[in-house]
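So that the names make sense, note that chain A is the first sequence line, chain B the second, and so on, each numbered from 1.
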Amino acid sequence: MKYLAAEVVQKIQNAIAQLEQEGFLPKGFIVTPEVERPTNPDFGDFSCNYAMKCAQQIKKPPLATARATAEVLAKDQDFFASVTAIKPGFINIKLSPRVLREECRKIRQSGERYGTTDAGRSRRLLLEFVSANPTGPLNIVSARAAAVGDAVANILQSQGVEVSREYYINDAGRQARLLGESMYARLEQQAGRDYPVPAGGYEKDYVQEVAVASANALKNRLAKAVAEQAIDLHKHFGVEAMVERHKISLEKYGVVFDNWFSELSLHAEKKIEAAVADLRARGFVFERDNAVWFASTRFGDDKDRVLKKADGDWAYLAADIAYHRDKFERGFTELVDLWGPDHHGYIARLRAALQALGHAPESFTVHIVQQVNLMEHGNPISMSKRGEGRLLEMDDLLEDVGRDVTRFFFLMRATSAHLDFDLDLARKHSEDNPVYYVQYAYARICSILKKAQAEGLALPSLEQDAWGDQPEREELALVRELVAYPDMLENCTRALEPHGLTFALRDVATSFHRFYTICRVVDPAEPERSRARLALVDAARVVIQNGLTLLGIQAPESM
RNA sequence: GCGCCUGUAGCUCAGUGGAUAGAGCAACGGCCUCCGAAGCCGUGUGUCGGACGUUCGAUUCGUCUCAGGCGCACCA
């Protein structure tokens with residue numbers, strides 16, 4: 001689907017071509033014009049700064065270039081209401097009412113497809129997120145990552161990108177082992193024996209629960225197991241139980257993964273050996289101090305990294321290299337990982353490894369999901385998973401403020417920014433909560449449409465124009481907001497950031513609420529105008545619904 | 001010491017080279033005989049942490065610097 005901005009750019013390019021023909025502009029200078037929404041709506045629907053961008057290159061005063069271009073464009077009166085050249089060299093463009101009407105009609109006609117494109121159809125992208133250690137319940141940062149990852153995946157898919165959501169289960173390392181040991185210790189203590197939880201182990205109540213469950217389920221096998229075997233059995237049971245809990249929590253949150261990838265499977269299928277052999281064949285592996293090393297400094301890392309420790313075990317990095325190598329081998333062309341804030345030092349070495357394996361650095365992107373402070377009464381709540389602090393899990397948060405609010409709040413901020421989650425605000429159900437502000441707009445729209453039906457005013461057919469001859473300022477403002485939706489989605493796609501969408505939806509809601517207070521929609525005395533406005537309201541419904549769907553938030557018909 | 005993230009209104013944050021830097025929250029005051037007042041309207045504050053540089057033009061890019069957060073293992 002092609003949207004307004006692209007059409008405008010095309011027309012500017014045509015104008016440039018014409019000016020080249022006429023000899024006003026030198027031929028073949030390289031500049032792709034771009035358009036943007038001006039900050040000040042008085043400037044029009046779009047503005048273009050190409051004249052200033054290329055001024056030096058073509059040695060022409062930008063205002064002259066802008067004027068000439070504007071003159072050519074302005075002849076297209078069917079499309080443009082006005083095109084003017086301004087001060088330093090901006091070209092300000094106002095679309096004709098016909099074009100806005102047409103776009104508005106397109107919104108209703110496209111319905112849930114409005115805003116989608118197939119621009120990303122050649123991309124196969126694997127998005128890995130959450131990937132929390134299966135040693136305890138999901139915490140708040142995981143909740144943030146889940147909201148962001150899911151929304152990013154939805155947005156990418158709306159642009160035609162083939163996306164797979166994947167969760168990496170760290171079931172092979174020391175943390176998993178510690179869970180098994182902690183479970184074992186709890187059971188020993190329960191049996192009255194003096195057996196301490198190991199240093200760095202897990203001590204919260206869930207350990208007890210899962211340990212008991214494990215003891216019951218594995219009774220027969222545990223009976224003849226020595227301590228070492230018992231720990232291993234508990235570990236496997238515990239990890240599986242935790243993964244199951246993660247799945248349930250995430251499902252309640254509306255996040256479903258396409259694939260849960262086990263680190264153990266890398267070991268079992270000898271994929272780590274294969275990856276290291278691959279690196280070795282390419283000449284980036286060496287031995288030192290009884291360990292096997294990856295020469296990551298060859299790709300800009302601070303120091304070389306150990307792949308296989310002197311004790312013969314693989315380092316975590318080796319498994320991770322194998323894992324990401326496997327992602328590429330499964331046919332994905334782009335890898336995007338969302339990581340927690342404590343892993344950022346790790347990016348350079350993994351990227352180095354993927355480069356060493358022959359992958360372009362751009363094909364691997366890591367976004368750090370920054371830390372979250374839960375704020376209550378103006379003070380942060382501490383949330384340590386293992387230590388003494390109050391345990392605040394993702395489930396607690398969901399129960400406390402609900403799925404829609406949780407997701408929206410996490411999606412209001414740039415992923416890389418630290419986030420203060422204002423619990424007091426999130427808990428407000430009837431006042432200033434931004435989620436309800438958007439949802440309320442949607443519910444209001446549905447209510448209007450119902451009202452119209454009850455009054456015998458039918459929605460105009462999809463072929464009909466969206467508003468009357470003399471639209472109010474608020475009507476125009478609303479249309480402009482709606483029409484900006486596809487471009488905004490494209491920006492979110494490029495940035496792999498969903499927060500622009502939450503802002504855009506709030507803006508649409510604002511425009512709608514303003515429109516609503518000024519413009520009476522359902523008015524049997526004015527059937528023509530009513531129909532026109534109903535069409536506009538219906539278009540707003542489509543955009544809000546599409547946006548909320550991408551964010552994974554309900555669009556309620558009443559609330 | 002090295003690296004990453006962040007410094008924008010009282011608070012929380014948008015703004016990935018453009019025109020008068022914007023929202024929400026908080027504060028105060030208005031608006032319902034009429035489609036949902038979970039709404040609308042009004043009242044105002046900024047050395048965009050600081051310095052230098054690149055540019056026609058910098059909150060945005062670069063270098064330095066100050067402040068806060070986090071990370072720097074043959075842990076995962």
Enquirer: Can you list the residues that meet the side-chain hydrogen bond (donor to acceptor under 3.5 Å, both in side chains) rule with A:Arg288, with sequence neighbours excluded?
Expert: none
Enquirer: Under the rule for side-chain hydrogen bond (donor to acceptor under 3.5 Å, both in side chains), what residues qualify as partners of A:Arg473, not counting sequence neighbours?
Expert: none
Enquirer: side-chain hydrogen bond (donor to acceptor under 3.5 Å, both in side chains) with A:Tyr168: which residues, sequence neighbours excluded?
Expert: none
Enquirer: Take N1-N3 plus N6-O4 or O6-N4 for Watson-Crick, N1-O2 plus O6-N3 for G-U, both under 3.5 Å. Which runs of 3 or more such pairs involve RNA chain B?
Expert: B:1-7 with B:66-72, B:10-13 with B:22-25, B:27-31 with B:39-43, B:49-53 with B:61-65
Enquirer: Which protein N or O atoms sit under 3.5 Å from an N or O of nucleotides 71-73 of chain B?
Expert:
none

Enquirer: Would you please name every residue forming a salt bridge (charged side-chain N to carboxylate O under 4.0 Å, His left out) with A:Asp337, sequence neighbours left out?
Expert: A:Lys327
Enquirer: In chain order, what residues pass the salt bridge (charged side-chain N to carboxylate O under 4.0 Å, His left out) check against A:Lys94, with sequence neighbours excluded?
Expert: none
Enquirer: Between protein and nucleotides 42-44 of chain B, what N or O pairs are separated by less than 3.5 Å?
Expert:
none

Enquirer: Between protein and nucleotides 18-23 of chain B, what N or O pairs are separated by less than 3.5 Å?
Expert:
from  : atom 1 : to       : atom 2 : distance (Å)
B:G18 : N7     : A:Asn49  : ND2    : 2.9
B:A19 : N6     : A:Ser47  : OG     : 3.0
B:A19 : N6     : A:Asn92  : OD1    : 3.2
B:A19 : N1     : A:Asn92  : OD1    : 3.0
B:A19 : N1     : A:Asn92  : ND2    : 3.1
B:A23 : O2'    : A:Arg506 : NH2    : 2.1

Enquirer: What residues, two or more places apart in sequence or in another chain, satisfy salt bridge (charged side-chain N to carboxylate O under 4.0 Å, His left out) together with A:Arg305?
Expert: A:Asp301
Enquirer: Rounded to whole angstrom units, what separation is found between the CG atom of A:Leu425 and the P atom of B:C25?
Expert: 8 Å
Enquirer: What is the per-nucleotide protein-contact pattern of nucleotides 31-36 of chain B, from the 5' end, where B denotes a base atom under 4.0 Å from a protein heavy atom, S denotes such proximity for sugar-phosphate atoms only, and - denotes neither?
Expert: ---SBB
Enquirer: Tell me every residue that passes salt bridge (charged side-chain N to carboxylate O under 4.0 Å, His left out) with A:Arg541, counting only those two or more places apart in sequence or in another chain.
Expert: A:Asp538
Enquirer: Under 30°, 30 to 60°, or over 60°: which ring-plane class applies to A:His343 and A:Tyr346, parallel, tilted or perpendicular?
Expert: perpendicular
